[in-house]
Amino acid sequence: MKKIYIGCFLLVLIACGQAESDANSVKNATNADQDTPLYHNELFQICAVDGWVLEEEISEDQNVSFRNENTRVIITTASNDQSNDALKSKILSSFSKKVEVIEENKNYLSLETNRDENIRGDLYIHQGSNGKVVLVFMTPEQDYDQTKIHTFNENIELF
Amino acid sequence: MNMKKWLTITTLSVFFVGSTAYANENEEETSITPEDELYDTSLLIEETELAFTEDQIERALLLDEFADDRLSEIEVLVEAGNLEEAETLLEEYQKYLDRLESELEEKENNQDVAEEEEAIEEDDEGEVPDENEESTEEEQEESTEDQDENEQAEDELRENAKQRTIKLQALLEREDLPEQAKAGIAKALENQKRAEENYLRAKGKEDEEGQEENQEKEDEQVEEVSLPDEDEYTENEETSEPDESKETDQPTEKVENKKQKAEEKAAKAQEKAEEKRKKAEEKAEEKIEKAQKKLEKAQEKANKKAEKAEEKGDKSKGKGNNQQKGQQR
């Protein structure tokens with residue numbers, strides 16, 4: 001009888017230990033997912049953000065784009081020689097002619113095209129050690145979601 | 001006094017010269033050249049703007065604008081003597097023109113399909129009159145607004161195409177360009193002219209549609225029985241043709257091209273006129289049939305009413321006789 005009790009006790013112990021190790025492995029896996037960056041290169045890294053996926057990478061020109069539904073972000077790098085104002089002006093001139101600036105500060109520019117189908121543009125400039133990283137968000141006006149853009153912009157790490 | 005005047009003029013001129021210099025500095029800073037490190041980013045921004053634009057005429061306008069930008073960049077590169085880059089950009093420019101052309105063709109095709117659908121709907125509605133009069137009026141207003149917008153857009157496209165042709169011709173006339181570059185420019189010019197012809201064709205089609213609509217309105221006003229005179233159509237055609245030929249009267253440099261265009265236009269106009277006649281005849285026949293049916297119905301109704309009136313008259317007479325008989329008793 002004692003042998004049976006001991007056997008059952010051991011079985012329970014083994015089962016509990018196994019369950020705990022399974023739970024730990026799941027935890028570790030989720031942590032690993034969170035830690036895995038969505039993208040990284042020599043100048044910056046983008047942490048995984050819900051809904052955002054890598055769309056296109058042109059490594060030669062240091063242009064990379066990500067997409068979250070109808071919002072697209074083009075990330076590019078620029079040398080420190082270019083002033084923020086010059087960068088903003090150049091990006092602004094890259095849009096179609098009919099563009100209105102909504103908001104502007106040192107490192108940020110918000111704009112909207114003035115056509116039949118308007119497009120919102122948000123430009124963020126980050127200063128890295130080896131150059132500037134420019135994020136150009138573009139969204140059709142009706143799908144504009146500022147939190148989505150903010151969340152992505154906050155998840156960029158510069159080296 | 002003279003001294004004062006001179007002083008004010010000089011200060012004003014200094015101010016103006018200073019401000020223009022400042023503006024030029026800004027322009028230099030803002031414009032992106034193919035050599036700029038942000039040039040590829042600017043192309044990506046253009047493509048994204050196109051991708052987010054669904055309306056075909058808006059897409060055409062965007063492509064037109066981007067083609068303009070490419071041509072300006074080509075001019076800058078040629079001026080700077082960077083001919084290799086200019087040649088590759090010329091190829092890109094041609095791609096933009098091709099895309100613009102296909103966009104306009106697609107738009108035309110879609111318009112044709114939409115018009116056919118509308119015509120079918122109108123025929124269906126015609127059988128049940130009066131019910132949807134208000135909605136059809138609103139639809140008509142909307143369609144006229146759309147047409148106005150389309151006309152404006154196509155005028156803009158045509159005008160821009162003309163400007164680009166002038167720019168390309170100016171580039172072609174440059175003596176310092178190598179033959180290879182000139183061949184590229186000549187090819188671009190050919191494409192440009194083809195695109196211009198497409199604009200004209202689209203414009204001609206819209207004019208035709210406008211005339212058809214006007215004729216339909218006139219027919220509706222005359223309505224019921226009368227058959228629209230075929231002379232009217234021929235008059236309209238006669239009046240429309242000189243208008244188009246007026247458009248072709250341009251500076252003397254492009255006389256041969258314009259002659260060709262005018263001939264093509266005339267041929268197209270004839271084809272359209274024939275199509276119009278056929279359509280008009282068909283419509284007129286349909287209207288006559290409808291009018292006859294209406295008349296028949298109206299006559300039937302009138303007959304029924306007359307019969308009812310007679311019946312009522314008989315009844316009232318019968319009642320009156322009964323009453324008289326009662327009174328006599």
Using non-hydrogen atoms and a limit below 4.5 Å, what part of residues 136-144 of chain A faces chain B? V136(A), M138(A), T139(A), P140(A)

Shortest non-hydrogen separation from L44(B) to R72(A) and the atoms involved: O-NH1, 3.9 Å

Given heavy-atom pairs under 4.5 angstrom as the criterion, report whether the side chain, backbone, both or neither of L61(B) touches chain A. both

Just how far is it from atom OG1 of T48(B) to atom CZ of R67(A), taken to the nearest 0.5 Å? 8.0 Å

Test log, rule side-chain contact (heavy atoms from CB on, under 4.5 Å), inputs T41(B) and V134(A): CA-CA 10 Å; T41(B) 312; V134(A) 184; over 6 Å; no

Crowding at CG, D50(A) (>12 non-hydrogen neighbours, <6.0 Å): no

Check the surroundings of atom CD in E69(A): do more than 12 heavy atoms from other residues, nucleotides or ligands lie under 6.0 Å from it? no

Does the side chain of E37(B) pick up a donor-acceptor pair with the side chain of S79(A) at under 3.5 Å? yes

Euclidean distance, F52(B) CZ relative to T71(A) OG1, rounded to 0.5 Å: 6.5 Å

Would you indicate whether E55(A), at its atom CD, is surrounded by more than 12 heavy atoms from other residues, nucleotides or ligands within a distance under 6.0 Å? yes

Pick whichever of I45(B), T53(B), D55(B) has the most heavy-atom pairs under 4.5 Å with chain A. I45(B)

Taking every non-hydrogen pair under 4.5 Å, which of L43(B), D69(B), L62(B) racks up the most with chain A? L62(B)

Spacing of OG belonging to S96(A) relative to CG belonging to L63(B), to within rounding of 0.5 Å: 11.5 Å

Side chain / backbone / both / neither for L38(B) at chain A, heavy atoms under 4.5 Å: side chain

Salt bridge (charged side-chain N to carboxylate O under 4.0 Å, His left out) contacts in which one or both residues fall within residues 114-127 of chain A, not counting sequence neighbours: R115(A)-E58(B), R115(A)-E65(B)

